[in-house]
Structures are given as C-alpha cells and as structure tokens.
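Please read the structure below before turning to the comments.
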Amino acid sequence: MITMNDIIREGHPTLRKVAEEVSFPLSDADRELGEKMTEFLKNSQDPELAEKYQLRGGVGLAAPQLDVSKRMIAIEIPNMEEEDGEPFLSTVMYNPKILSHSVQQAAIEEGEGCLSVDRHVPGLVVRNAKITISYFDQEGEKHKLRLKHYPAIVIQHELDHLNGIMFYDHINKQNPNYAADDVLLIQ
Ligand SMILES: Cc1nc(NNC(=O)[C@H](CC2CCCC2)CN(O)CO)c(F)c(N2CCN3CCOC[C@@H]3C2)n1
Ligand code: NI
C-alpha cells in the first residue's frame, strides 16, 4: 500500500516535470498504480487507517507525486451531505484535459495544501470556478465531465501536478490573500 514515504516532496525534480501521456491498453503497472492511488486516498480519509499508517488526508493524488511522471490522477471527493454515502467523485483519470473553463474564478477560502509540501503556505489559490474536462478511465473509455467549485478546484490542483506546477505558484507574491472581488471564495 502507498504511505507517506512513497510521496516525493518539494525539491524533488519530478514535481517540476511535464508528465508523459499514458498509452492504452494500460500496462499492468499503470492499472495497478491507479488502484493503489485510490486505495491511499480512501485510507487517508478513514480516521483509524490514517492514524494507524500516519497518512495525511487527501482528496486527490497525481502520479508524479509518487515519482511516476505519467498523466494520471486519482480523485476521491466524499459526499459532503451524508457521511457514509457514495462519494461525490471517486475515479482514476488517465490523460485528463481541460476542454473549456469559466471566466468566473474561485478559490478555497482557507487556501490549499499539498501532500508533497510539508509546510503551511498561506494565501489564496485562484482557479477557474467551472471546468469541462475529458479523460480516459482504466478501460480506455473516454469521459467528459463538467465540474464547478470545490471539485473543479481539486481537479485543477491535480492537473497542475501533471504540468510541474505547485499550488503556491499561483499565490500573489505581493499580497497572498489578494483576490479580485469577483473571485468566488469557497469554504
Ligand atoms: C481540500 C482538502 N484537501 C485535503 N488534503 N489535501 C489534498 O487532498 C491535496 C489536494 C487538494 C488541496 C486543495 C485542492 C486539492 C493533495 N494533493 O497534494 C494532491 O496533489 C483534504 F484532506 C481535504 N479533506 C476534506 C474531506 N475529508 C473527508 C474525510 O477525510 C479527510 C478529508 C479532508 N480537503
Ligand atoms: Ni498536491
């Protein structure tokens, strides 16, 4: 199983690389890696397992964070309403791509963190509020998905990792908490 030891930290060159597209049919390695990434996120959201294996909570994970420079991300966004309900979005996306996005921008009010960053970096990370993405699933089926607000932000954070971008690259140097007044702040 993936633990924090498998996650590379800022300063590791792979985090600044543009990752390579995945080819289909998936190799066993790429298939298995996707499954392990999902397993990590689920474990990290289980209080007992997170405690037992000292996992930091995660709702997304990108292959470059495991020193695998491939365009694949795992997303595990729980259902905010009922606790043990079906997750809002639980999937591994291969070769994800933003097809279009809103002019409207949004940011998580308390800022972002990253499993590859062992420090708190304060500041607003302004992103597109709505995105339309395409991606391939494990079977090579192409999907198109429209997302907004919190899930859209999570996906953009992960897509950044595939292009060697870290969340703090987006933070305003002069005034980290600056956001134009039309930027939607998300709890
Ligand atoms: C927002 C949030 N970020 C958590 N961590 N950071 C991450 O996921 C990084 C990616 C996120 C940082 C901001 C946008 C994407 C990982 N990244 O570095 C991958 O590139 C959380 F853990 C978390 N939640 C809320 C839901 N909760 C359900 C119960 O279990 C705990 C869990 C905590 N929400
Ligand atoms: Ni991250």
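Read the numbers this way: they start at 1 and go in the same order the structure lists the ligands and their atoms. Residue numbers run from 1 in the order of the sequence given.
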Going by the angle between their ring planes, with limits at 30° and 60°, are F136 and F24 parallel, tilted or perpendicular? tilted
Can you find an N/O atom of Q65 closer than 3.5 Å to an N/O atom of ligand 1? yes
Count, excluding waters, the protein N, O or S atoms that are closer to the Ni ion (ligand 2) than 2.8 Å. 3
Are M37 and V154 in one and the same hydrophobic cluster, where Ile, Leu, Val, Met, Phe, Trp and Tyr link if side-chain heavy atoms are under 4.5 Å apart? no
For a side chain to side chain donor-acceptor pair (under 3.5 Å) check, start with the C-alpha distance between N163 and R16, then their side-chain angles and the critical distance, and finish with the verdict. CA-CA 7 Å; N163 297 319; R16 287 305 191 180; over 6 Å; no
Calculate, to the nearest 0.5 Å, the distance between atoms OG and NE2 belonging to S69 and H161 respectively. 12.5 Å
Between H161, M166, H157, flag the one that comes closest to atom 15 (C) of ligand 1 by a heavy atom. H157
Enumerate the atoms of ligand 1 whose separation from the nearest heavy atom of E158 is less than 4.0 angstrom. 10 (C), 17 (N), 19 (C), 20 (O)
Evaluate whether atom CG of N175 has more than 12 neighbouring non-hydrogen atoms of other residues, nucleotides or ligands under 6.0 angstrom away. yes
Which residue owns the protein heavy atom closest to atom 25 (C) of ligand 1, what's the atom, and how far is it? Y150 OH, 3.8 Å
Give the single entry among S116, P78, G57 that approaches atom 27 (N) of ligand 1 most closely by any heavy atom. P78
Closest non-hydrogen atom pair between S116 and I8, with its separation: OG-O, 2.8 Å
At a 4.0 Å cut-off, with the gap strictly under it, does some heavy atom of F167 reach an atom of ligand 1? no
If you measure from the Lys or Arg side-chain nitrogens to the Asp or Glu carboxylate oxygens, is any gap between E21 and K70 under 4.0 Å? no
Write out all pairs satisfying ring-ring contact (aromatic ring centres under 6.0 Å, His included) with one or both partners inside residues 97-135, taking only residues at least two apart or from two chains. Y135-H143
among protein heavy atoms, the one nearest atom 24 (N) of ligand 1 is V59 CG1, 3.9 Å
Counting from 1 in the order shown, the ligand 1 atoms closer than 4.0 Å to a non-hydrogen atom of C114 are 18 (O)
Distance filter under 4.0 Å to G113 heavy atoms, resulting ligand 1 atoms: 12 (C)
Only heavy atoms of G60, strictly under 4.0 Å: list the atoms of ligand 1 that pass. 8 (O), 16 (C), 17 (N), 19 (C)
Hey, what else clusters with L99 if you join Ile, Leu, Val, Met, Phe, Trp, Tyr whenever side-chain heavy atoms sit under 4.5 Å? none
Who gets closest to atom 32 (C) of ligand 1 by heavy atom: Q45, Q156, M80? Q45
For A29, enumerate each residue passing the side chain to side chain contact (heavy atoms under 4.5 Å, CB included) test, keeping only those at least two apart in sequence or located in another chain. S27
Going only through I, L, V, M, F, W and Y residues with side-chain contacts under 4.5 Å, is there a path from L159 to V18? no
Taking atom CD of Q54 as the centre, report whether more than 12 heavy atoms of other residues, nucleotides or ligands fall under 6.0 Å from it. yes
Going by distance only, is there an N or O of L115 that falls short of 3.5 Å from an N or O of ligand 1? yes
Checking the N or O distance criterion of under 3.5 Å, is ligand 1 in contact with E112? no
